[in-house]
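Just below is one structure, and these are the notes that go with it.
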Protein chains: 2
Amino acid sequence: MLTDRQRMILSAIIDNYIQSAEPVGSRTISKREGVGFSSATIRNEMADLEELGYLEQPHTSAGRVPSTKGYRFYVDNLIQPRNISEKDLFNIKQVFADRISKMEQAIESTASILSQVTNYTSIVLGPEMFEHRLKHIQIVPLSESQAVAIIVTHTGRVENKLLDLPVGVHPGEIEKLVNILNAKLVDVPLWQLRQRIYQEIAGEMRRHVEQYEEMLHMLENSFMTEEADRVFLRGATKIMNQPEFRDVDKVKDIMELFEQNDQLIRLLDSPAEGLQVRIGQENGLDAIKECSIVTTPYYIGGKAIGVVGILGPTRMEYDKVISVLDYLARGLSTMLTNQFDKK
Amino acid sequence: MLTDRQRMILSAIIDNYIQSAEPVGSRTISKREGVGFSSATIRNEMADLEELGYLEQPHTSAGRVPSTKGYRFYVDNLIQPRNISEKDLFNIKQVFADRISKMEQAIESTASILSQVTNYTSIVLGPEMFEHRLKHIQIVPLSESQAVAIIVTHTGRVENKLLDLPVGVHPGEIEKLVNILNAKLVDVPLWQLRQRIYQEIAGEMRRHVEQYEEMLHMLENSFMTEEADRVFLRGATKIMNQPEFRDVDKVKDIMELFEQNDQLIRLLDSPAEGLQVRIGQENGLDAIKECSIVTTPYYIGGKAIGVVGILGPTRMEYDKVISVLDYLARGLSTMLTNQFDKK
DNA sequence: TGTTAGCACTCCTGACAAACGAGTGCTAAA
DNA sequence: TTTAGCACTCGTTTGTCAGGAGTGCTAACA
């Protein structure tokens, strides 16, 4: 659909704009190395590209700026993967070199290095709690009527939840309950817990534990975990380095978005597979209509369990971000698989 | 030192400036209700107040703006406590009406309501982990070489830490250790744990537990907890509503400060007692040299365990903030004392 | 037929001046 | 001691103008 020359020019314009943040004129492109055409020729092509919707003109006598469609085409067809710089590579490898034993720590470090290397905001989504497998459960009474349920997963994650104890329950009963649970439910993924309890444990409990109905009810609660702390956000202020975000109102909208974990989860947790780039309004959120988001899932043993992502201006260094993101997601996947995949 | 009239005028100027964010002229004050003097008189007084250092003039033909010294005097001498509005009072009471059983939740809610009611950023410092008393300790092995130590406190807080197990330790030994600890150390404040272990437990351990030296060493680690998650920050973006923070560079510095929990802790964790106001440069941090911080401690059973604070522009509604902060800190103290004070 | 030089045109930007007005300090009179 | 009056200051707004970056179009060239 686009001629080779148009692709070349579009690519040059976007490269230039990403670098300068200023509308790009025909002369600038004409003078670029490897472009053997006069500014007039470029001008004609630019007019065509604008007509086709790949470029926009802020005003008559300004240069051109890529449109969403332009970026889309650039990302889908024109980008070539960029090698990660020695320095960045070194820093990234550093993260994976440390022996990290808790999954959360690994994810957190990933988020940090990602933001540090790209100079954009990183958002990383940890695995849904439900995917973890039970390692140990414990119920610690705090008072007559309350207790904390503690769930340790095979990933080293510790989740806790406050419970209301059934009236008049005896501590011994709780202990019995916990013993049964630990004996029967180790290595069961959390999402199966409820089901397994009713199928396999209920019978046994009825025999051994008083007030087992109430206890069961209480337990269900403790398996409902917060989604909120799955999100790791790093470098939130980085967007303020961008010249197109010198406006406090824009920044405010974005920072307010960052305060809402549920929104961030929605933003990353897309059904699609593989590396994804969402440009400008494609995100659907008004606050980030001038931002792009690049995401890619990471895996344990072939199963996608979370998402790493970068949020930056639409005028983002897509080639670098994509390379780094891809590399990091692979590294993280390998590491987590080695550490946590069921043997 | 200042005449009554000067105090009145200073107060009027600051009130006005807080409300309008614009330099205040003599005419404006002269026209205020209850001020029976002409603008010329006010002008003379203003010149005096400027000479004394309470006011500043952005430029010759502008009105006056309070200096740090001016605010200081205002806060220390001129403010009268303002009644909290019905609506705010209702909202605040709502928070304490909910039965909140985890201390952290209570503190978090306090931070939220504080920011919501004042429209400034709230920063709340939870109790040092060391102040909590041990309710239960548990060590859950994750693998041959690693385990998670879990500490539950009487406040319902659950802290966990990854441990490296001594080589070749037997699970039974760990169990023995945990049993001894739970038998001996319940209700001991965390800061005493180390000491008590060496004094009281070491002997018993030597008798019953193999590799007790290594185990002890490992344990010490688990009593070192993160300070970072003591801080609750709410309404970070509120500062961007202020006209004097329409500048992205200022905002960026502040938001970057907000990302550093250790700095926030340092900011709140002052040795002084009671309600404190630090104005502008008094905070010592460049990022918030145009901000003020109002803090006050809260208590359990008469002992200060944390700090609630508000960060806003120097041009802050001190009277309202002070009233609300005081009220909330009292409420929180009462609530926590009822809930968690050792009987 | 594709390319390019040339040129008129558009429109943003920055500089400068003028008008405006908010506020001041000072003086003199009440 | 207070205040009316007034000249003065200085930041802000408005308007004008020149400069320049960039465009689209046309005509000539290879």
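Note that the structure is predicted; figures quoted are calculated from it, not measured. These values consider heavy atoms only, across backbone and side chains, with no hydrogens, waters or symmetry-generated copies. Numbered from 1 within each chain, the chains take letters A, B, ... in sequence-line order.
- Between A:Tyr318 and A:Tyr71, the ring-plane angle classifies as tilted under the 30° and 60° cut-offs.
- The salt bridge (charged side-chain N to carboxylate O under 4.0 Å, His left out) check on B:Lys238 picks up nothing, with sequence neighbours excluded.
- If you check residues 14-31 of chain B against DNA chain C, the residues with a heavy atom closer than 4.0 Å are B:Gly25, B:Ser26, listed by number.
- Comment: B:Glu282 engages B:Arg72 in a salt bridge, judged by a side-chain N to carboxylate O separation of less than 4.0 angstrom.
- Salt-bridge annotation for B:Asp326 and B:Arg330: present, with a side-chain N of the basic residue lying under 4.0 Å from a carboxylate O of the acidic one.
- Contacts with DNA chain C (heavy atom under 4.0 Å) in residues 32-64 of chain A: A:Gly36, A:Phe37, A:Ser38, A:Ala40, A:Thr41, A:Arg43, A:Asn44, A:His59, A:Thr60, A:Ser61, listed by number.
- Residue A:Arg5 qualifies as enclosed at atom CZ: its count of foreign heavy atoms under 6.0 Å is above 12.
- Salt bridge absent: A:Arg315 and A:Glu290 never bring a charged side-chain N and a carboxylate O closer than 4.0 Å.
- With salt bridges taken as basic N to acidic carboxylate O contacts below 4.0 Å, one links B:Arg82 and B:Glu317.
- Between the side chain of B:Asn283 and the main chain of B:Gly280, a donor-acceptor pair closer than 3.5 Å is present.
- Sorted by first then second residue, the ring-ring contact (aromatic ring centres under 6.0 Å, His included) pairs that include residues 18-53 of chain A, not counting sequence neighbours, number zero.
- On the nucleic acid side, DNA chain C has its first and last nucleotide under 4.0 Å of a heavy atom of chain A at C:dT3 to C:dC12, going 5' to 3'.
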Hey, can you pull the donor-acceptor pairs under 3.5 Å for the side chains in residues 54-62 of chain B, sequence neighbours left out?
from, atom 1, to, atom 2, distance (Å)
B:Gln57, NE2, B:Thr60, O, 2.9
B:Gln57, NE2, B:Ala62, O, 3.3

